[in-house]
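Okay, so here's the structure we're looking at.
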Amino acid sequence: MKKVLQNIKTLAGKEKLLAVLIDPDKMQLKVLSQFIDKVNASRATHIFVGGSNVEEEITQTLVEALRPLTSLPIILFPGDVTQISKGADAILFLSLLSGRNPSYLIGKHIEAVSRIRETCLEVIPTGYILIEGGKETAVQKVTQTTPISRKNNQLVVDTAKAGELLGMRLVYLEAGSGAKEPVPLEMISFVKTELSIPLIVGGGIRSKKQLEEAYEAGADLVVIGTAFEEDETFFEALKE
């Protein structure tokens, strides 16, 4: 049953949704069980799996190991078609709306169809918007696109709304993995006001204060990855 998107839409605005992002290229299988125990005990509501540079088959191996360890929805956040795994619950079918590289607007999607056809993944069309985060990110390097200035609220709002009008089911504002600065709160607020679909925000969030501020600004689901990679005690700081 296709229920991940419906669950997000139902809970948006009612609960503070939090996704823990696991990069298959950085997570060692020998410590996965211990890490997921902390995820399960935390306020996390979803698990995202993906990275910008991941060797083929690594994602599948990670998802297979992850599946029996948690009841949380496992959602693919792929940096490439090689990261499509049949063991996950859903996949964010990302269109990089902030860039103009045709490969990441439609090209990669066409490549992905033959792989997705062989799975039961719930496919969720997602407008992905890269925001300047204070450093060059892996996404920027891989996609060869330039993030939108963190000062250009109107362009981000218009880009997000265009994504919704094109049929995207989610919009994802991303400052990039390891960003020095998260997506500006004012920008989150402006985008949320314009949209009638759920808003995801990620990148650069390293404290409970920043997390709560993102929610207050309008984020329906916040994604955190690097903070947990660098310091697993961050799970304790996020306990309610």
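Nearest approach of K26 to S177, heavy atoms of both residues: NZ-OG, 4.3 Å. Heavy atoms only, all atoms of each residue included: L173 and V191 are closest at CD1-CG2, 4.0 Å. In terms of heavy atoms, L130 sits closest to A175 at CD1-C, 4.3 Å. G51 approaches Q83 most closely through the heavy-atom pair O-NE2, 2.7 Å. Closest approach of I131 and P184 over heavy atoms only: CG2-CD, 4.3 Å. Across every non-hydrogen atom of K192 and I197, the tightest pair is NZ-O, 4.1 Å.
L195 and L11 are members of different hydrophobic clusters when ILVMFWY side chains are connected at heavy-atom separations under 4.5 Å. L66 and I58 fall into different hydrophobic clusters, defined by Ile, Leu, Val, Met, Phe, Trp and Tyr side-chain heavy atoms under 4.5 Å apart, directly or through other members. Both L29 and I47 belong to a common hydrophobic cluster when Ile, Leu, Val, Met, Phe, Trp and Tyr are linked at side-chain heavy-atom distances under 4.5 angstrom. Cluster membership check: V54 does not share its hydrophobic cluster with F93, using side-chain heavy-atom separations under 4.5 Å among Ile, Leu, Val, Met, Phe, Trp and Tyr. Residues I36 and V49 fall within the same hydrophobic cluster, defined by Ile, Leu, Val, Met, Phe, Trp and Tyr side chains chained together at heavy-atom separations under 4.5 Å.
Annotation: side chain of I205 is not in contact with side chain of V183 (no heavy-atom distance under 4.5 Å). Side-chain contact between R67 and D89 is present, with at least one heavy-atom pair separated by less than 4.5 Å. Residues Q28 and V31 form a side-chain contact, since some pair of their non-hydrogen atoms from C-beta on lies under 4.5 Å apart. Residues I200 and V223 have side chains in contact (heavy-atom distance under 4.5 Å, counting atoms from C-beta outward). Contact annotation: the side chain of V39 never approaches that of T70 to less than 4.5 Å [non-hydrogen atoms, C-beta and beyond]. Side-chain contact between F77 and L94 is present, with at least one heavy-atom pair separated by less than 4.5 Å. I91 is listed as a side-chain neighbour of P78, based on a closest heavy-atom distance under 4.5 Å. K9 places none of its side-chain heavy atoms less than 4.5 Å from the side chain of L170.
Summarising the geometry, atom CG belonging to L72 is positioned 11.0 Å from atom CG belonging to L69; distances are rounded to the nearest 0.5 Å. One distance of note links OG1 of T59 with CD of E64; it measures 11.0 Å at 0.5 Å rounding. One distance of note links CG of L185 with CD of E216; it measures 8.5 Å at 0.5 Å rounding. Here Q60 contributes atom CD and T82 contributes atom OG1; the two are 11.5 Å apart, rounded to the nearest 0.5 Å. In this structure, M27 CE and L62 CG are separated by 7.5 Å, a value rounded to the nearest 0.5 Å. The CG atom of L155 sits 9.0 Å away from atom OG of S98, with the distance rounded to the nearest 0.5 Å.
A donor-acceptor distance shorter than 3.5 angstrom exists from the side chain of E122 to the backbone of L5, with no hydrogens or angles considered. Of the possible polar contacts, none joining the R100 side chain to the T146 backbone as a donor-acceptor pair under 3.5 Å is found.
Sorted by first then second residue, the side-chain hydrogen bond (donor to acceptor under 3.5 Å, both in side chains) pairs that include residues 153-176, not counting sequence neighbours, are Y128-E174, N153-E186, Q154-D158, K161-E164, E164-S196.
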| query | When you look at S95 and H109, which way does the side chain to side chain contact (heavy atoms under 4.5 Å, CB included) test go after all the steps? | reply | CA-CA 8 Å; S95 185; H109 309 73; 4.1 Å; yes
| said: What verdict does the side chain to side chain donor-acceptor pair (under 3.5 Å) test give for Q6 and T10, after you've listed the backbone C-alpha separation in whole Å, the side-chain angles of each residue and the deciding distance to 0.1 Å? | reply: CA-CA 6 Å; Q6 186 57 49; T10 300; 3.2 Å; yes
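Defined by atom type and a distance below 3.5 Å, a donor-acceptor pair is missing between the side-chain atoms of S114 and E118. Judged purely by distance below 3.5 Å, without hydrogens or angles, the side chains of N101 and T143 never pair a donor atom with an acceptor atom.
Taking the side-chain contact (heavy atoms from CB on, under 4.5 Å) definition, one finds that H46 meets it with N7, I8, L17, A19, F48, P73, I75, L221, sequence neighbours left out. Qualifying side chain to side chain donor-acceptor pair (under 3.5 Å) partners for E213, counting only residues two or more places apart in sequence or in other chains: K209.
Between E212 and R43 there is a salt bridge, since a side-chain N of the basic residue sits under 4.0 Å from a carboxylate O of the acidic one. Electrostatic pairing of K14 and D220 does not count as a salt bridge here, judged by no charged N lying under 4.0 Å from a carboxylate O.
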